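Accompanying notes for the structure given below.
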2 protein chains.
Amino acid sequence: MNYSKQREVVLDALINNVIHPTAEKLYSIIQIEYPEVSKATLYRNLNQLAEAGIIKKIDGLEAPAHFDHNTHPHYHFICEKCGRVFDVSSDVAKDVVSKTEEETGFKVTSHEIVFKGLCKDCQE
Amino acid sequence: MNYSKQREVVLDALINNVIHPTAEKLYSIIQIEYPEVSKATLYRNLNQLAEAGIIKKIDGLEAPAHFDHNTHPHYHFICEKCGRVFDVSSDVAKDVVSKTEEETGFKVTSHEIVFKGLCKDCQE
DNA sequence: CGTAAAATGAGAATTATTATCAAGTTTTGA
DNA sequence: TCAAAACTTGATAATAATTCTCATTTTACG
């Protein structure tokens with residue numbers, strides 16, 4: 001991957017501004033300071049950075065995709081009321097991969113858990 | 001929900017023919033015997049049936065959506081080579097909901113786990 | 001029956017994303 | 001250093017999946 005200013009801007013926007021943003025959200029943030037960054041470049045870079053393991057595209061949420069700069073293993077919770085996405089520790093499903101491999105005979109290379117429900121704020 | 005022939009056809013196609021089909025796959029199956037069923041009707045009915053809890057829209061796979069007539073709790077495994085979707089027993093992640101609720105203080109109403117990797121056939 | 005509510009087909013519209021391609025930028029190595 | 005190769009970009013067209021619109025038809029029920 002060669003250096004480009006645009007890629008730096010995209011990565012910085014993801015790291016410094018919001019947690020779990022969509023591409024559209026990042027686009028609007030980036031537009032303010034760097035209106036020269038096009039949408040194609042944004043999508044291209046998000047995909048390349050995810051491919052390289054530098055960021056993560058969160059599977060399991062319906063479109064639009066959300067992105068995460070935290071690449072450590074963890075799960076996600078989406079609040080059905082406010083729509084926010086929260087992190088959930090990977091401790092909640094220990095051994096889930098080994099158990100699945102045992103049970104199925106399949107080789108698991110990745111997995112994602114998405115919980116839906118009501119976050120603390122929205123329960124009130 | 002009122003009765004309609006089309007809804008019956010959609011549900012039957014899902015139950016009797018393939019496992020975990022996409023809307024497109026169902027459409028092509030239905031077309032053979034019931035070419036009068038339109039795509040709008042297919043999507044409408046899949047959503048309504050899912051809403052009513054009669055079938056399930058599998059979250060966590062990227063588009064296109066896959067549907068499941070098995071509404072009992074279970075997870076899914078998608079083979080990265082052949083693309084097939086397999087069921088995984090809910091035993092592989094016991095207590096995952098209670099643990100998550102404990103850890104986060106959130107109320108979990110549903111969750112889905114999607115594993116990716118290689119199925120038995122594709123490991124060879 | 002008669003009518004209100006629900007469902008339909010056809011196709012337009014929408015949303016998110018990817019592809020195309022000519023032009024600009026970065027890297028390479030002679 | 002400098003030119004060629006490889007990579008990246010912006011603008012926009014294209015695609016894919018799904019939802020919406022609306023005039024017409026079907027269903028439920030008093």
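Convention: sequence-line order gives letters A, B, ...; per-chain numbering from 1. All figures in this text were calculated on a predicted structure; none of them were measured in a lab.
Closest contact between the side chain of A:Thr41 and the listed nucleotides D:dT18, C:dT18, D:dG10 involves D:dG10. For A:Gln6, the listed nucleotide lying nearest its side chain is D:dT9; candidates were D:dT8, C:dT18, D:dT9. Of the candidate nucleotides D:dT19, C:dT18, C:dT17, C:dT17 has the atom lying nearest to any side-chain atom of A:Ala65.
If you take NZ of B:Lys39 and P of D:dA16, they are 11 Å apart, rounded to a whole angstrom. In this structure, B:Ile58 atom CD1 and D:dT18 atom P are separated by 13 Å, rounded to whole Å. If you take NZ of A:Lys25 and P of C:dA16, they are 14 Å apart, rounded to a whole angstrom. At whole-Å resolution of the value, OH in B:Tyr27 and C1' in D:dA16 are 15 Å apart. Atom-to-atom, NZ of B:Lys57 to P of D:dA17 comes out at 14 Å; the value is rounded to the nearest Å. Spacing between atom CG of A:Leu42 and atom C1' of D:dT8 amounts to 14 Å, rounded to whole angstrom units. In this structure, A:Leu46 places its CG atom 14 Å from P of D:dT8, rounding to the nearest Å. In this structure, the CD atom of A:Glu24 is 15 Å from the P atom of C:dT14, given to the nearest Å.
Nucleic acid contact class of A:Glu36 (heavy atoms, under 4.0 Å, all strands): sugar-phosphate only.
Neither OP1 nor OP2 of C:dT18 sits under 4.0 Å from any side-chain N or O of A:Tyr43. One finds no side-chain N or O of B:Asn47 lying less than 4.0 angstrom from the OP1 or OP2 phosphate oxygen of D:dT18.
Taking for each of A:Val37 and B:Ala23 the nucleotide of DNA chain D with the nearest heavy atom, the 5'-most of the two is the partner of A:Val37.
For the residue pair A:His74 and A:Asp68, a side-chain donor N or O sits within less than 3.5 Å of a side-chain acceptor on the partner.
The distance between the ring centers of A:Tyr75 and A:His111 falls below 6.0 angstrom. Residues A:His20 and A:His76 bring their aromatic ring centres within 6.0 Å. Ring-centre distance between A:Phe106 and B:Phe115: not below the 6.0 Å cut-off.
Taking the ring centre of B:Phe67 as origin, the terminal cationic atom of B:Lys57 falls outside the region bounded by 6.0 Å and 45° from the ring axis.
Salt-bridge formation is not detected for the pair B:Lys116/A:Glu112: no Lys NZ or Arg NE/NH1/NH2 atom is positioned less than 4.0 Å from an Asp or Glu carboxylate oxygen. Under a 4.0 Å N-O distance rule, the pair A:Arg84/A:Asp121 qualifies as a salt bridge.
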Protein-proximity profile, nucleotides 19-30 of chain C, B/S/- by nucleotide at the 4.0 Å heavy-atom cutoff, equals BB-----SS---
